[in-house]
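Note on naming: letters A, B, ... go to the chains in the order of the sequence lines (proteins, then strands), and numbering restarts at 1 for each one. Atom set for the values below is all heavy atoms of this structure, side chains included, hydrogens, waters and symmetry mates excluded.
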Protein chains: 2
Amino acid sequence: MNPVATKTNRTTLRVVIAEDQGMVLGALAALLEIEGDISVVARARNGKEAIDAVLQHKPDVFITDIEMPVMTGLEVAAELKRQRCPTRIIILTTFARAGYLRRALDAGASGYLLKDMRAEELAEAVRRVHRGLRVVDPELAAEAWSEPDPLTDRERQVLRLAGEGKSSGDIASDLSLSEGTVRNYLSEAISKLGATNRVEAARIARTKGWL
Amino acid sequence: MNPVATKTNRTTLRVVIAEDQGMVLGALAALLEIEGDISVVARARNGKEAIDAVLQHKPDVFITDIEMPVMTGLEVAAELKRQRCPTRIIILTTFARAGYLRRALDAGASGYLLKDMRAEELAEAVRRVHRGLRVVDPELAAEAWSEPDPLTDRERQVLRLAGEGKSSGDIASDLSLSEGTVRNYLSEAISKLGATNRVEAARIARTKGWL
DNA sequence: GCGGAACAATGACATTTGTCATTGCGTCTG
DNA sequence: CAGACGCAATGACAAATGTCATTGTTCCGC
């Protein structure tokens, strides 16, 4: 099925996959193994395992989910780049969020794929990225640069806790702030995001990938 | 009309899969196709397609996600049972929610698997279910029967909107109720769920699968 | 070294939210 | 048929939330 791989029999592409849902992890591995020119050399189910696996196996391409226990895929990508690891990185996620994409590219990722793309595109993306190309949904890329995250660190922190249902008082003691200060930050965040209350603000920030 | 596999269990198991994330759909199909005795005869990316595919192909087993466009996997399962379709149904989802499991079994499903189980268990579950057995995580099953959904329809409705960040006033006009009534329902829901505010209540209800 | 930004706080105020008691209506169900 | 339950509403009250003005601090860039 693949002319390049079968004809020239070049070194197969070595891949490591990180994904916390075992079913999906196994399935993606099966999907890639079908391709003659790709070999899955290791699997990881959380961020820490992923780093160990990549450093040990030095694969050509590393595919990772974002939302994982211990360490997110974005954090793993940043750490690998910090260690000058030459492995190309593809982020594979459910979420078409501008903020995620931006952070992914900042962290040195070469690709950003959505899980609702066609399955065939995964293997193709692996080959593209290995050749040094970038693979990013053009529509999402456009959106990513249009609107930068307006929140400060404190606003983000406070908003995250508020979105989980904590009261201003709870948040204040969690962060060792006064309750008034917490209300100030929330008020700022609400106005910056054009929301009318903390819950809506948190929802908006979440969909943009700013939380 | 009905090619039953009762020979010398040499016949392949025919399967239909429904899953809205293309990448996962393709990957799961690949995973099952690896098994010599299972064949994926159709794929669907939403609830409506799923029903059509199952009715047309009459597979031995139907595997479906819950959260899909057009119609949820639970609704699909209920509809198939209503039409006396003999196909065995496996729900495959991310969420270990008691409410989901209960509704799945009510809808006549034979299996309830979590996406974070080991990938090898899927094929095994297909075979088990085809033999007429049930496949349900025992831990989750225990929880499902322990705690029934305490919310009334109105409480659920109001809580859902509140969880999206709407104010009591918004919810009132959305549902053509007075604002006081909305507050009453929310107060009831908060107390029933042991929460301290609407956001926490919505969060709790969501994790239990009651929303 | 000056201005700007993020951080932190206080006080005052209006609005929203959560609670409770109470009433009324309709629909089941034993 | 009585009683239970869900639905819908009102009024009153306390608590939480959101807004604004104002005052400090520190740190960073120009």
Side-chain angles (χ1 to χ4, degrees), chain A residues 99 102-103 106 145 147-211, chain B residues 99 102-103 106 146-211:
Chain A
R102 180 191 288 255
R103 272 189 274 163
D106 283 352
W145 301 125
E147 218 183 338
D149 182 349
L151 301 174
T152 69
D153 287 348
R154 272 313 201 195
E155 285 160 4
R156 205 190 334 283
Q157 240 175 99
V158 166
L159 193 53
R160 195 179 298 127
L161 295 174
E164 288 168 15
K166 300 210 180 186
S167 69
S168 305
D170 289 348
I171 299 172
S173 46
D174 272 25
L175 302 179
S176 306
L177 293 175
S178 86
E179 190 182 322
T181 303
V182 169
R183 298 225 300 278
N184 288 154
Y185 285 138
L186 280 173
S187 185
E188 254 309 293
I190 290 167
S191 112
K192 279 182 180 175
L193 299 175
T196 63
N197 61 54
R198 49 178 76 194
V199 186
E200 198 190 345
R203 224 185 45 72
I204 292 173
R206 238 179 268 125
T207 65
K208 301 267 188 180
W210 295 334
L211 265 190
Chain B
R102 180 192 289 255
R103 273 189 273 164
D106 284 350
S146 63
E147 216 184 340
D149 181 350
L151 301 175
T152 69
D153 286 348
R154 274 310 202 195
E155 285 161 2
R156 207 191 332 282
Q157 240 177 96
V158 166
L159 193 54
R160 197 180 296 127
L161 295 173
E164 288 169 14
K166 300 209 182 188
S167 69
S168 306
D170 290 348
I171 299 172
S173 46
D174 272 25
L175 301 179
S176 305
L177 294 176
S178 86
E179 189 181 321
T181 303
V182 170
R183 299 226 297 280
N184 288 153
Y185 285 139
L186 280 173
S187 185
E188 254 309 294
I190 290 167
S191 113
K192 280 181 179 175
L193 299 175
T196 63
N197 61 54
R198 49 179 73 192
V199 186
E200 200 189 343
R203 225 185 46 71
I204 292 173
R206 237 178 270 126
T207 65
K208 301 267 189 181
W210 296 334
L211 264 191

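- Dashed line: the shortest gap from a side-chain N or O of B:Tyr185 to OP1 or OP2 of D:dC7 is not under 4.0 Å.
- For the atom pair B:Tyr185 OH and B:Leu177 CG, the distance stands at 6.5 Å (nearest 0.5 Å).
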Sugar-phosphate or base contact per nucleotide [nucleotides 15-23 of chain C; S, B, -; heavy atom under 4.0 Å]: --BBBB---

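- We find that A:Arg103 and A:Asp106 are not joined by a salt bridge, their nearest charged nitrogen and carboxylate oxygen being 4.0 Å or further apart.
- Mapped onto DNA chain C by nearest heavy atom, A:Leu177 and A:Lys192 fall at different nucleotides, with A:Lys192 at the one closer to the 5' end.
- Residue B:Leu175 forms a side chain to side chain contact (heavy atoms under 4.5 Å, CB included) with just one option from B:Asp170, B:Val158, B:Thr181, B:Val182, and that option is B:Val158.
- Here C:dA5 presents its P atom at 16 Å from CG of A:Asp153, a figure rounded to the nearest Å.
- For the helix from C:dG1-D:dC30 to C:dG30-D:dC1, the terminal axes (five pairs an end, C1' atoms, rotation from four pairs onto the next four) enclose an angle of 40°, given to 10 degrees.
- Contact annotation: the side chain of B:Pro150 never approaches that of B:Glu155 to less than 4.5 Å [non-hydrogen atoms, C-beta and beyond].
- Residues A:Thr152 and A:Lys192 are in side-chain contact: their nearest non-hydrogen atoms beyond the backbone lie under 4.5 Å apart.
- Atom CD of A:Glu155 and atom C1' of C:dA6 are 9 Å apart (whole Å).
- The phosphate of C:dA8 (OP1 or OP2) has no side-chain N or O of A:Thr181 nearer than 4.0 angstrom.
- Of the charged side-chain nitrogens involved, none lies within less than 4.0 Å of a carboxylate oxygen, so that A:Asp149 and A:Arg102 do not count as a salt-bridged pair.
- In this structure, A:Leu193 places its CG atom 13 Å from P of D:dG18, rounding to the nearest Å.
- Side-chain contact, A:Gln157 with A:Arg160: no donor N or O sits under 3.5 Å from an acceptor N or O.
- In this structure the side chain of A:Trp210 never reaches within 4.5 angstrom of the side chain of A:Leu159, judged on heavy atoms.
- Closest approach to the B:Arg154 side chain among D:dG6, D:dA8, C:dA9 is made by D:dA8 (side chain taken as heavy atoms from C-beta onward).
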